[in-house]
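The block underneath contains the structure these notes are about, expressed in structure tokens.
Worth saying up front: this structure is predicted, and the values here are computed from it rather than measured. Every number for a ligand or one of its atoms is a count from 1 in the order of the listing. Computed over heavy atoms, backbone and side chain alike; hydrogens, waters and symmetry mates excluded.
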Amino acid sequence: MKRVKLSPSALACDFANAGVQIKAAKDGGAEYLHLDVMDGIFVPNISFGQPIVKSLSKCTDLVSDVHLMITDPIRYIEDFAKAGADIITFHVEATDDPQAVLAKIKACGKKTGISIKPATPVDAIIPYLPMCDLVLVMTVEPGFGGQKFMSDMLPKVQQLKEYAERNGLDYEISIDGGVSAENAKMCVLAGANVLVAGSSVLGKENIKEAAEDLLAATVI
Ligand code: DX5
Ligand code: ZN
């Protein structure tokens with residue numbers, strides 16, 4: 001079984017204190033830093049783009065886990081690669097040619113990730129899984145932090161885990177939206193190994209403790 005990794009989402013941080021807050025998350029055991037890029041078109045919200053990804057990736061040695069919630073993502077892959085992303089995840093719903101986006105990410109020397117919204121079945125990404133380093137299952141409608149975890153998405157995680165085992169694939173399975181110490185264990189039991197958490201980690205007063213608590217809750 002893959003080691004469970006925590007990927008705190010910077011969307012929940014106070015950007016004026018981001019460096020200090022991200023360090024606290026790292027001290028609490030985080031290994032990735034989740035960076036949510038929203039364009040106001042693919043999702044009904046705008047967050048941040050390349051300049052913030054660049055500063056935040058540079059201020060920490062956590063793995064820069066960029067989640068693109070943007071239309072036609074191929075246009076910006078190179079930019080985010082240059083901004084310091086280590087993993088670039090895009091939405092299968094946002095492009096007509098997921099294969100080309102994956103190839104572009106690889107050509108930039110970065111790890112590939114593909115994501116599905118709650119209404120999208122795993123079947124929609126099966127053809128692309130051999131090219132993926134990470135698969136991100138949304139457990140809220142993308143666009144906003146602080147929403148309620150949709151536990152009915154867990155069968156998708158299970159399906160992805162079984163598919164990897166049956167087909168000798170090695171992608172990480174990430175889960176994003178409403179993840180907290182209360183549901184972290186069920187995410188891991190379903191097969192997720194990367195837990196994205198915004199409000200329940202960087203949104204807390206004591207970030208280090210919140211990260212530690214979330215990770216402790218996953219111990220099976
Ligand atoms: C939502 C984003 C999430 C968000 C999670 O569109 O993809 O990464 O930051 O925030 P919480 O953990 O508060 O649901
Ligand atoms: Zn995200």
Side-chain angles (χ1 to χ4, degrees), residues 4-15 18 21-22 24-25 28 30-49 52-53 56-57 62-71 73 76 80 83 85-94 111-120 132-154 156-157 172-188 192-205 207 210-211 213-215 217-218:
V4 175
K5 296 171 187 166
L6 173 61
S7 188
S9 169
L11 199 59
C13 78
D14 165 8
F15 285 98
Q21 295 191 338
I22 291 165
E31 293 183 58
Y32 286 7
L33 175 65
H34 190 81
L35 297 167
D36 286 304
V37 177
M38 304 179 184
D39 67 354
I41 296 172
F42 180 69
V43 289
N45 195 11
I46 296 174
S47 57
F48 51 77
I52 297 280
V53 168
L56 297 188
S57 302
L62 292 177
V63 172
S64 177
D65 170 29
V66 173
H67 178 192
L68 297 180
M69 285 162 275
I70 65 174
T71 298
Y76 290 102
F80 284 101
D86 295 307
I87 306 168
I88 303 181
T89 299
F90 66 97
H91 273 266
V92 72
E93 306 89 353
K111 289 200 169 163
T112 55
I114 201 161
S115 180
I116 47 175
K117 297 207 280 186
T120 306
C132 292
D133 295 305
L134 178 145
V135 180
L136 185 151
V137 175
M138 292 300 307
T139 40
V140 298
E141 278 304 330
F144 299 90
Q147 302 181 76
K148 194 176 171 296
F149 179 77
M150 297 164 76
S151 58
D152 51 337
M153 295 297 127
L154 291 175
K156 289 197 214 176
V157 172
E172 297 200 287
I173 304 176
S174 180
I175 191 154
D176 184 8
V179 175
S180 69
E182 282 69 55
N183 53 39
K185 193 166 184 162
M186 57 174 121
C187 296
V188 173
N193 78 294
V194 179
L195 306 180
V196 176
S199 349
S200 67
V201 176
L202 285 167
K204 292 282 190 199
E205 196 67 42
I207 292 167
D213 288 351
L214 201 149
L215 282 167
T218 66

Next on the checklist: Do the side chains of E172 and K5 get close enough for a salt bridge, i.e. N-O under 4.0 angstrom?
Outcome noted: yes

Measure the shortest side-chain to side-chain distance between [X] and [Y] over non-hydrogen atoms and say whether it is less than 4.5 angstrom.
X	Y	result
I116	E93	yes
K204	L214	no
T71	D39	yes
S174	V196	yes
M69	H91	yes

Can [X] be said to touch ligand 1, with heavy atoms closer than 4.0 Å?
X	result
F149	no
G177	yes
G146	yes

Checklist entry - How about D86 and S64: does a side-chain donor come under 3.5 Å of a side-chain acceptor? => result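 Distance-only check fails for D86 and S64.
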
Next on the checklist: Within the 3.5 Å criterion, strictly below it, is a donor on S7 or D65 matched to an acceptor on the partner's side chain?
Outcome noted: yes

Next on the checklist: If I take atom CG from residue L56 and atom CG from residue L62, how far apart are they, to the nearest 0.5 angstrom?
Outcome noted: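 Nearest 0.5 Å value for the CG-CG distance: 10.5 Å.
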
Next on the checklist: Let me confirm one number: the CG-CG distance from L35 to L68, rounded to the nearest 0.5 Å.
Outcome noted: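 L35 CG to L68 CG: 10.0 Å, rounded to 0.5 Å.
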
To the nearest 0.1 Å, how far is [atom] from its closest protein heavy atom, and which atom is that?
atom	result
atom 10 (O) of ligand 1	G145 CA, 3.5 Å
atom 4 (C) of ligand 1	D36 OD2, 3.7 Å
atom 12 (O) of ligand 1	G198 N, 2.7 Å
atom 5 (C) of ligand 1	D176 OD1, 3.6 Å

Looking at [X], which atoms of ligand 1 are within less than 4.0 Å of one of its heavy atoms?
X	result
H34	8 (O)
P142	6 (O)
F144	1 (C), 6 (O)
M38	6 (O)
H67	7 (O)
G178	11 (P), 12 (O), 14 (O)
A197	12 (O)
S199	11 (P), 12 (O), 13 (O)

Checking the N or O distance criterion of under 3.5 Å, is ligand 1 in contact with [X]?
X	value
G143	yes
M69	no
S200	no

Next on the checklist: Check the orientation of F48 and F15. Use parallel for under 30°, tilted for 30 to 60°, and perpendicular for over 60°.
Outcome noted: perpendicular

Item to check | Apex the Zn ion (ligand 2); atoms H67 ND1 and D36 OD1; angle rounded to 10 degrees | outcome: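 Between ND1 of H67 and OD1 of D36, the angle at the Zn ion (ligand 2) is about 90°.
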
Next on the checklist: Can you check the angle at the Zn ion (ligand 2) formed by NE2 of H34 and OD2 of D176? Round it to the nearest 10°.
Outcome noted: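 With the Zn ion (ligand 2) as the vertex, NE2 (H34) and OD2 (D176) sit 100° apart.
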
Checklist entry - With no hydrogens and no angle check, is any side-chain donor or acceptor of T139 less than 3.5 Å from a backbone partner on F149? => result no

